[in-house]
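Here's the structure we're looking at; comments come further down.
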Amino acid sequence: MQAALRPLVSDSPAPAAAEPFFPPQLLARLDKNGPRYTSYPTADRYHAGFGEQDYRLALQQRRATQPAEPLSLYVHIPFCDSVCYYCACNKVVTRHHDRAARYLDALAHEVALHVEELGAGVPVSQLHFGGGTPTFLSDAELTRLMDDLRTAFRFEPDAEISIEVDPRTATPERLAHLRKLGFNRLSFGVQDFDPRVQVAVHRVQSFEDVRTLMQSARGLGYASVNVDLIYGLPLQTTESFERTIAQVVALRPDRIALYAYAHLPERFKPQRRINEADLPDRATRVGLLSSAIDGFLQQGYTYIGMDHFALNTDALAIAKQRGELHRNFQGYSTQPDRDLVALGVSAIGRIGNTYSQNAKVLDEYYAAIEAGSFAVERGLELNADDLARREVIMDIMCQGRVDFARIEARHGLRFGDYFSRELLQMANLAELGLVNLRSGEVQVTGLGWYFVRAVAMAFDGYLRSVSSGASYSRII
């Protein structure tokens with residue numbers, strides 16, 4: 001259904017390179033904390049009232065109603081050899097690689113539990129390994145895990161199979177083994193090439209090593225290679241980050257993810273090792289982002305939305321042009337909106353109209369799985385209001401357009417009445433040049449696309465009851 005929407009056509013083109021991407025008056029009004037909307041409702045709304053039995057029922061209902069519909073799979077590998085100080089992921093830092101054996105056993109049990117409920121051979125169109133550091137696993141361990149998954153599920157011939165790779169420990173030989181296992185997409189965690197910044201965040205890797213891996217990936221025929229970057233890290237300056245941007249562009253990755261660093265040391269212990277005095281001030285952060293966007297656009301990258309860029313030839317850019325973008329827990333995707341089975345500690349999945357998250361503590365995850373139960377710790381069953389708002393928010397985030405008649409037909413409501421408060425907010429955003437409010441639709445402008453989270457937030461029913469958005473990252 002999403003593909004039927006026309007792609008974003010802006011009456012206001014993206015700002016020219018010589019102009020500021022983020023006018024100060026807009027920053028003053030709109031740059032606040034807000035969700036990234038990899039799901040709606042967002043994960044902070046999940047609760048312990050949704051548990052293991054609820055998840056089983058969701059799986060059983062899927063088997064009864066959509067047994068042949070393709071799945072997406074996510075596998076979380078929590079282990080890391082060393083800690084990166086900026087990291088907010090769920091991870092286990094250890095040098096003891098033998099700890100992976102028990103984890104692989106648990107994953108195999110968790111896969112078997114899903115087969116019991118879904119049946120064997122359910123088709124899979126997308127698989128992603130995240131972490132932590134998935135390449136913490138040895139070649140033999142990765143082979144075992146992929147064998148377990150291929151035995152349980154039936155991978156479609158054109159399935160997207162991706163993995164996050166730590167360039168500090170990967171080699172061309174390792175990339176060749178991953179390719180042999182069926183991986184066709186890679187994501188390299190670079191973050192920044194500046195040596196001073198790398199030392200400050202405890203993640204040192206050379207440009208030359210990443211370049212070697214990139215060249216190897218090209219030769220091995222990977223369909224898409226992504227590079228992750230972070231702005232707002234300690235000791236970053238506009239000049240140093242411009243050098244990093246130039247180096248990344250020289251590598252010519254198919255996709256680039258540019259994330260904003262959120263400094264929350266009270267929540268994430270590794271961040272306490274960062275000297276707050278070394279963090280860029282607000283004006284510098286905005287300058288870092290502006291120069292990055294400018295650099296990528298000048299070098300032929302398409303701005304997908306939020307923190308994603310892609311070459312015009314990449315499937316993600318093509319999907320945006322066609323109005324076929326989607327969004328899941330890994331960010332923007334070319335895959336249709338479909339169920340996601342999430343495996344491993346802390347992993348978040350979606351089945352039907354439910355979201356669920358596994359236990360975040362490794363011992364609790366093991367205890368549940370080894371007792372023959374799913375490790376679901378919390379979740380949410382969406383109500384009718386959630387479903388309507390989710391569709392509107394995802395239309396904004398992915399297509400930049402909301403068709404009132406379409407929402408009315410799918411959810412049995414009168415858009416102008418149901419979302420009257422939100423439309424008043426849209427009128428205010430229209431005055432700022434962020435949306436065009438026409439009869440029967442809202443459309444995000446080129447300028448508004450850079451503030452798309454603020455547009456989507458207007459339709460978030462849960463934010464009304466929250467006095468502060470401190471648990472979210474800043475929009476810019």
Side-chain angles (χ1 to χ4, degrees), residues 8 14-15 21-22 27 30-40 42-43 84 86-89 128 130 162 164 185-193 201 224-233 236 241-242 244-245 248-249 251 253-264 280 282 284-299 301-311 314-317 319-320 325-334 393-394 396-400 434 444 446-457 469 472-476:
L8 174 69
F21 282 97
F22 309 108
L27 285 175
L30 298 175
D31 185 22
K32 51 191 174 183
N33 294 356
R36 293 173 50 80
Y37 294 118
T38 52
S39 72
Y40 180 84
T42 50
C84 301
Y86 56 80
C87 187
C89 299
H128 182 74
S162 60
E164 298 169 11
R185 285 162 172 77
L186 300 175
S187 182
F188 292 124
V190 170
Q191 322 315 351
D192 195 305
F193 278 125
V201 299
S224 185
V225 180
N226 174 79
V227 165
D228 283 348
L229 299 175
I230 299 177
Y231 72 93
L233 294 176
Q236 280 181 335
F241 204 53
E242 284 177 351
T244 288
I245 298 305
V248 170
V249 168
L251 296 174
D254 302 279
R255 301 178 185 179
I256 299 167
L258 176 64
Y259 299 111
Y261 172 62
H263 190 62
L264 300 169
R282 189 76 199 118
T284 302
R285 279 175 61 96
V286 173
L288 295 171
L289 179 56
S290 295
S291 61
I293 293 174
D294 185 35
F296 294 142
L297 295 184
Q298 287 192 32
Q299 294 299 319
Y301 284 88
T302 294
Y303 180 55
I304 303 301
M306 281 189 54
D307 36 40
H308 284 59
F309 301 81
L311 290 175
D314 187 80
L316 204 60
K320 180 175 183 179
L325 271 183
H326 301 279
R327 194 158 175 79
N328 59 28
F329 291 107
Q330 282 72 59
Y332 283 108
S333 171
T334 61
I393 286 172
M394 291 306 166
I396 290 170
M397 295 294 296
C398 298
Q399 319 304 338
L434 302 185
V444 179
L447 176 62
W449 203 239
Y450 294 98
F451 294 90
V452 69
R453 288 163 74 180
V455 179
M457 285 167 64
Y472 304 118
S473 62
R474 294 189 72 85
I475 290 176
I476 298 296

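Quantities reported herein were computed from a predicted structural model and do not represent experimental measurements. No hydrogens, no waters, no symmetry mates; every other heavy atom, side chains included, goes into these values.
Atoms CE and CD, on Met394 and Gln399 in that order, are 11.5 Å from each other to the nearest 0.5 Å. Rounding to the nearest 0.5 angstrom, the gap separating the CG atom in Asp192 from the CG atom in Leu233 is 6.5 Å. The line from CG of Leu316 to CG of Leu311 is 11.0 Å long, rounded to the nearest 0.5 Å. Of the inter-residue distances, the one linking Arg453 atom CZ with Ile396 atom CD1 reads 14.0 Å to the nearest 0.5 angstrom. Within the model, atoms OG of Ser187 and CD of Gln330 stand 10.5 Å from one another, a figure rounded to the nearest 0.5 Å.
Judged by distance alone, the side chain of Arg327 and the main-chain N or O of Tyr37 form a donor-acceptor pair under 3.5 Å. Side-chain atoms of Asp254 come within 3.5 Å of backbone atoms of Val225 as a donor-acceptor pair (strictly under, hydrogens ignored). Although no hydrogens or angles enter the test, the distance criterion places no donor-acceptor pair under 3.5 Å between the side chain of Lys32 and the main chain of Ala454. Side-chain atoms of Thr244 come within 3.5 Å of backbone N or O of Phe193 as a donor-acceptor pair. For Gln236 (side chain) and Ile230 (main-chain N/O), a donor-acceptor pair under 3.5 Å exists by modelled atom type.
Contact detail for Ile304 and Lys320: the closest heavy-atom pair is O-NZ, 3.3 Å. Thr38 and Asn328 get closest at one heavy-atom pair: CB-O, 3.3 Å. Scanning all heavy atoms of the two residues, the minimum distance from Asp314 to Ser224 falls at OD1-OG, 3.0 Å. Heavy-atom minimum distance, Pro35 versus Met457: CD-CG, 3.9 Å. In plain terms, the two heavy atoms of Trp449 and Gly305 that are nearest each other are NE1-CA, 3.6 Å. Across Asn226 and Ala257, no two heavy atoms sit closer than the pair OD1-N, 3.5 Å.
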- Evaluate side-chain contact (heavy atoms from CB on, under 4.5 Å) for Tyr450 paired with Ile293, printing each intermediate quantity in order. CA-CA 10 Å; Tyr450 294 98; Ile293 293 174; 3.8 Å; yes
- Begin with the C-alpha distance, continue with both residues' side-chain angles, and end with the deciding distance and a verdict on side-chain contact (heavy atoms from CB on, under 4.5 Å) for Leu434 and Leu30. CA-CA 11 Å; Leu434 302 185; Leu30 298 175; 3.1 Å; yes
- Stepwise, does the side-chain contact (heavy atoms from CB on, under 4.5 Å) test hold for Tyr259 with Arg36? CA-CA 11 Å; Tyr259 299 111; Arg36 293 173 50 80; 3.5 Å; yes
- What's the verdict on side-chain contact (heavy atoms from CB on, under 4.5 Å) for Phe329 and His128, showing C-alpha distance, side-chain angles and the deciding distance? CA-CA 11 Å; Phe329 291 107; His128 182 74; over 6 Å; no
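Taking the six-membered ring for Trp, Phe309 and Phe296 have ring centres closer than 6.0 Å.
The side-chain contact (heavy atoms from CB on, under 4.5 Å) test with Tyr231 singles out one residue from Leu258, Asp307, Thr284, Ile245, and that residue is Leu258.
No side-chain donor-acceptor contact under 3.5 Å links His326 and Ser333.
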